[in-house]
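One structure is given below, encoded as structure tokens.
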Amino acid sequence: MIKINECYTEIGESYLFAEIARRVGEYKENHPDKKLISLGIGDITQPIAPAVIDAIHKATEEMANAKTVRGYAPDGGYDFLVNAILKHDFLDRGIQLEADEIFVSDGAKSDTGNIGDILSDDNWVAITDPAYPVYVDTNQMAGRKIELLPCTPENQFVPAFPAKTADVIYLCYPNNPTGTVLTKEQLKKWVDYALEHRSLILFDAAYEAFISQPEIPHSIYEIEGAQQVAIEFRSFSKTAGFTGMRAGYTVVPKALTAQTAQGKTLRLNALWKRRQSTKFNGTAYIIQRGAEAVFTPEGREQIRKVIDYYMENARIIRSGLEALGLTTYGGINAPYIWAKTPGKLTSWEFFDLLLHNVQVVGTPGSGFGRSGEGFFRFTAFGNRENTLEAVERLKIIHI
Ligand code: PLP
């Protein structure tokens with residue numbers, strides 16, 4: 001007899017984007033003549049940098065030749081990519097890491113979801129709220145107990161320490177969905193907490209490339225002691241338009257240890273290596289060559305231009321919403337603008353209002369967790385024309 005993982009019966013359907021699609025679909029069916037603009041989903045719209053495309057073409061040609069064709073990639077990534085990451089993202093920024101502490105993957109979703117494989121289901125897990133849904137869902141799939149840490153305007157979106165000492169803490173900065181960041185001092189408090197309580201911080205830095213203020217940390221390893229307590233997740237998805245191509249990486253420092261139930265100390269680096277080499281067969285060679293090109297001088301310059309383009313959209317959305325009298329957060333170091341819904345409207349009521357009155361689609365904040373109720377997420381990943389038109393349309397709303 002087949003016995004299922006009972007935890008799956010408790011987590012329910014993946015509700016948010018399915019419900020958005022349902023409401024949008026119904027509206028379109030009843031109003032086929034209306035043009036909808038989406039400022040909802042966090043996916044890219046701009047083409048991938050020419051330097052990346054050139055590298056991908058070149059790598060594809062290599063696959064057509066018996067002398068240069070490549071088969072299975074190394075589990076943790078090709079040296080050329082690992083060394084480029086190591087140099088540009090860490091050593092050049094004064095962070096000492098080694099190549100075997102970096103694990104190239106097919107993206108941060110898999111890694112933030114899979115990391116639980118090496119952690120006991122007995123861990124007490126603290127997760128900021130609202131949050132990227134993968135953290136809560138994957139821990140519920142494993143049956144772990146979770147404490148949510150509200151991030152709201154009342155605490156300037158800086159989570160307070162959990163009521164019960166957490167074994168594992170998820171932090172995502174720059175944050176999806178709120179677009180807010182932590183300063184070094186604020187992040188240091190969490191590193192100190194983890195050092196004191198022997199907790200693990202899972203630091204999701206998928207939006208690191210969007211940081212514009214020089215004092216904001218790009219990596220948790222900018223904080224002293226963090227290599228003893230933190231795993232960091234990075235992604236090429238938003239940085240360089242790899243959402244459809246799939247590449248990211250995870251840093252598991254060798255200084256980071258954890259205990260077995262018998263009190264034996266083990267390195268999480270060795271466990272993650274073991275996990276990946278068993279369950280993951282590497283990111284495609286062609287894609288890794290594309291990712292390598294992200295770090296070339298041309299690649300960096302081209303990617304910077306695309307990020308600047310999105311961040312100009314963010315500025316347009318932010319100032320448009322503020323001109324309407326809405327209170328907004330984020331949008332300065334992240335491609336997301338987190339707006340307080342007007343009056344006492346719930347997130348979904350505001351969603352319906354925008355859909356029905358101005359045909360603009362955003363994301364209801366309550367879909368990211370209970371502290372997201374009364375908020376709404378706009379993304380800056382649209383093209384300029386649609387972004388300008390959406391902001392123009394919003395002006396007719398009376399709030
Ligand atoms: N982490 C956060 C906070 C995200 O918002 C996303 C994607 O939206 C991801 C991770 C997933 O990134 P990837 O495309 O690398 O799987």
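The shown structure was predicted, so the numbers you read here are calculated from the model rather than taken from an experiment. In listed order, ligands and their atoms are each counted from 1.
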### Query
If we only count N/O pairs under 3.5 Å, is Tyr135 in contact with ligand 1?
no
### Task
Pick one of side chain, backbone, both or neither for how Ser237 approaches ligand 1, counting any non-hydrogen atom pair under 4.0 Å.
side chain
### Task
Kindly confirm or rule out an N or O of Arg246 lying under 3.5 angstrom from an N or O of ligand 1.
yes
### Task
State whether the shortest distance between N or O atoms of Thr243 and N or O atoms of ligand 1 falls below 3.5 angstrom.
no
#### Entry: Nearest neighbour of atom 10 (C) of ligand 1 from the list Phe233, Tyr132, Tyr170, Tyr207, on a heavy-atom basis
Tyr132
### Query
When you measure from atom 8 (O) of ligand 1 to every protein heavy atom, which one gives the shortest distance, and what is it?
Lys238 NZ, 2.8 Å
### Task
Give a yes or no on whether a salt bridge exists between Arg370 and Glu373, defined as a side-chain N under 4.0 angstrom from a carboxylate O.
no
### Query
Counting each atom of ligand 1 from 1 as listed, which ones have a heavy atom of Cys172 under 4.0 Å away?
3 (C)
### Message
Tell me whether Arg384 forms a cation-pi arrangement with Tyr309, defined as NZ or CZ under 6.0 Å from the six-membered ring centre and within 45 degrees of its axis.
### Response
yes
#### Entry: Interfacing atoms of ligand 1 (cut-off 4.0 Å, heavy-atom, Ser235)
12 (O), 13 (P), 15 (O)
### Query
Is there a side-chain contact between Lys35 and Arg393, using heavy atoms and a 4.5 Å cut-off?
yes
### Query
With under 30° as parallel and over 60° as perpendicular, where do the rings of Phe351 and Trp348 fit, or are they tilted in between?
perpendicular
### Message
I'd like to know whether Asp100 forms a salt bridge (charged side-chain N to carboxylate O under 4.0 Å, His left out) with Lys273, so could you lay out the CA-CA distance, the side-chain angles of the two residues, the decisive distance to 0.1 Å, and finally the verdict.
### Response
CA-CA 9 Å; Asp100 59 358; Lys273 189 173 164 77; over 6 Å; no
### Query
Which of the atoms of ligand 1 are close to Asn176, meaning less than 4.0 Å from one of its heavy atoms?
3 (C), 4 (C), 5 (O)
### Query
Would one find an N or O of Ser110, backbone or side chain, under 3.5 Å from an N or O of ligand 1?
no
## Note on the structure
ring pair (Phe, Tyr, Trp, His ring centres under 6.0 Å) test vs Tyr207 passes for just one of Tyr336, Tyr173, Phe233, namely Tyr336
### Query
Do Phe90 and Trp272 share a hydrophobic cluster (ILVMFWY, side-chain heavy atoms under 4.5 Å, transitive)?
no
### Query
Which atoms of ligand 1 are found less than 4.0 Å from any heavy atom of Gly107?
15 (O), 16 (O)
### Cation-pi check, Arg70 onto Tyr78 ring (under 6.0 Å, within 45° of axis)
yes
### Query
Which residue and non-hydrogen atom of the protein lie closest to atom 2 (C) of ligand 1, and at what distance in Å?
Asp204 OD2, 3.4 Å
